[in-house]
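Some notes on the structure that comes next.
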Amino acid sequence: MTTYTILIILSGLVIFSYLFDLVASKTKVPSVLLLLLLGIGLRFLVDYLKIQTFNFLSILPTLGTVGLILIVFEGSLELKYDREKNKVIKSAFFSALTILLATASIITLIIYQITHKDLYTCIANAIPFSVISSAIAIPSAAALGKQDREFVIYESSFSDILGIIIFNFAITNHSITTSAFIGLGLSTFLIILLSAIACVVLLYVMGKLVHHIKFFLIISILILVYAIGQSYHLSSLVLILSTGLFLNNADTIRNAWFRGVFLYKNLSADLSQLYQLSAESAFILRTFFFVIFGFTMNISELNDKPVLANGFFILLTIFAVRFFFLKVFKNGALSPIGYIAPRGLISILLYFNLPKSLKIAEVGPSFLFLVVLGTSLVMTLGITLSKNKPEETSTV
């Protein structure tokens with residue numbers, strides 16, 4: 001392909017993604033679902049025209065990781081903290097934790113029944129299917145009322161973070177021992193400490209930079225710290241979420257010394273620009289990630305009846321567990337929040353980070369694609385058919 005052909009394709013994908021976002025805002029069909037279908041359609045077109053392509057799977061994890069960082073950062077920059085939200089944050093955290101653990105436990109049993117592999121391998125493969133994707137959940141919650149939207153942002157972000165912590169713990173510890181839990185405690189303490197330092201340093205740097213280009217520098221520093229943390233199996237998504245929350249709420253800190261040293265005149269305008277840049281960058285990366293993921297799928301494997309049947313059982317597990325535990329952690333109506341449990345970017349990233357020795361052929365990319373597609377369809381139908389309008393959403 002010529003340079004101009006590539007440019008036409010790339011710009012065309014961005015334009016389609018923008019149109020999909022407009023469609024999503026009117027129809028409640030997630031733009032991610034439309035991007036996946038676009039990728040599948042492009043694959044059929046390429047195969048029909050017999051066009052030579054390279055292995056897109058090689059760039060998928062990198063695109064997904066940067067996209068995840070920007071999406072969580074964008075979501076956290078929207079959140080304003082006050083004491084009244086403690087209840088929302090607490091319920092969202094415990095909802096994310098219990099639903100994640102319960103879903104992973106049942107899916108582990110399903111995978112065990114399918115493959116008869118050892119329990120450790122089944123657990124490692126079950127975790128990617130058990131994590132809510134904030135990359136899909138956060139944009140899909142935009143049409144909800146303020147309190148429900150905040151619940152979804154917190155819950156899906158906590159689910160991502162906890163999923164990464166449990167996944168890293170699982171693949172680095174073949175057996176549960178006291179030393180394994182000590183290591184988990186130390187790594188958690190270390191990432192919290194690193195997050196606190198990063199928050200203060202980034203705010204100070206933002207105030208001191210005089211160069212007209214500084215927001216990509218801030219984002220690059222965040223990505224750098226995230227990558228270093230992840231290379232040492234630290235759950236660096238904690239850092240991303242806490243940095244966004246800290247920057248957006250720094251002006252509420254009343255300490256005179258802090259305000260004199262770290263707060264500056266243009267902070268509000270800078271945060272607005274940082275949010276806009278994060279949102280637009282996340283939009284681009286999300287576009288290419290999901291189109292490429294749809295493009296790389298072998299759709300013919302979805303004709304396999306056992307794959308369809310097992311995928312159905314996993315989908316049933318995901319939503320049955322979610323509705324059961326939301327009754328405990330969330331007061332009021334559960335619809336449409338009960339349907340917002342998409343699997344997507346984070347599930348795909350965790351799956352591709354499984355060591356080769358732990359990957360199971362029966363639980364391959366097509367199986368993952370089926371669950372991603374299924375949860376997005378259920379979410380779409382749930383939001384569309386829900387009788388709750390945004391202004392009628394219940395208080396958390």
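None of these values were measured; they are calculated from a predicted model.
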Ignoring hydrogens and geometry, is there a side-chain-to-backbone donor-acceptor pair from [X] to [Y] under 3.5 Å?
X	Y	result
K359	G364	no
R343	F129	yes
S58	N55	yes
R259	I253	yes

Ion pair E155/R322, N-O distance below 4.0 Å: yes

Rounded to the nearest 0.5 Å, what separation is found between the [atom1] atom of [X] and the [atom2] atom of [Y]?
X	Y	atom1	atom2	value
F289	I59	CZ	CD1	10.5 Å
F20	S31	CZ	OG	9.0 Å
I314	T375	CD1	OG1	11.0 Å
L245	N248	CG	CG	8.0 Å
T380	L34	OG1	CG	8.0 Å

[Y] and [X], any side-chain heavy atoms less than 4.5 Å apart:
X	Y	answer
F167	N353	yes
I218	M206	yes
N86	K90	no
N249	T252	yes
S134	I346	no
L38	L13	yes
F352	P128	no
S76	I240	no

Please determine whether side chain to side chain contact (heavy atoms under 4.5 Å, CB included) holds for the pair S376 and I136, giving the CA-CA distance in whole Å, both sets of side-chain angles, and the decisive distance to 0.1 Å. CA-CA 8 Å; S376 291; I136 302 178; 4.2 Å; yes

Is a donor from one side chain sitting under 3.5 angstrom from an acceptor on the other, for T287 and S17?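 Distance-only check passes for T287 and S17.
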
Do D270 and Y264 have side-chain N/O donor and acceptor atoms under 3.5 Å apart?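 Y264 and D270 do have a side-chain donor-acceptor pair below 3.5 Å.
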
Just one of V363, T115, L354, L358 clears the side chain to side chain contact (heavy atoms under 4.5 Å, CB included) bar with T121, so which one?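 When side chain to side chain contact (heavy atoms under 4.5 Å, CB included) is applied between T121 and each of V363, T115, L354, L358, only L358 qualifies.
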
Would you call the rings of F295 and F56 parallel, tilted or perpendicular, where under 30° means parallel and over 60° means perpendicular? perpendicular

Does anything in residues 84-105 form a ring-ring contact (aromatic ring centres under 6.0 Å, His included)? List the pairs, not counting sequence neighbours.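 As it turns out, the ring-ring contact (aromatic ring centres under 6.0 Å, His included) pairs with a partner in residues 84-105, which skip direct neighbours, are F93-F158.
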
Full working for side chain to side chain contact (heavy atoms under 4.5 Å, CB included) between K208 and Y204: CA-CA 6 Å; K208 297 300 178 184; Y204 185 78; 3.5 Å; yes

Same cluster (ILVMFWY, side-chain, under 4.5 Å), L57 and L42: yes

With a 3.5 Å cut-off and sequence neighbours excluded, list the donor-acceptor pairs that the side chains of residues 102-112 form with protein atoms.
{"from": "T103", "atom 1": "OG1", "to": "I99", "atom 2": "O", "distance (Å)": "2.6"}
{"from": "S105", "atom 1": "OG", "to": "L101", "atom 2": "O", "distance (Å)": "2.8"}
{"from": "T108", "atom 1": "OG1", "to": "A104", "atom 2": "O", "distance (Å)": "2.6"}

Quick one: does NZ or CZ of K146 land under 6.0 Å from the six-membered ring centre of F151, within 45 degrees of the ring axis? no

Derivation and outcome, side chain to side chain contact (heavy atoms under 4.5 Å, CB included), residues I223 and T65: CA-CA 9 Å; I223 294 172; T65 300; over 6 Å; no

For F293 and F369: C-alpha separation, side-chain torsions, deciding distance, then whether side chain to side chain contact (heavy atoms under 4.5 Å, CB included) applies. CA-CA 9 Å; F293 183 63; F369 176 78; 3.7 Å; yes

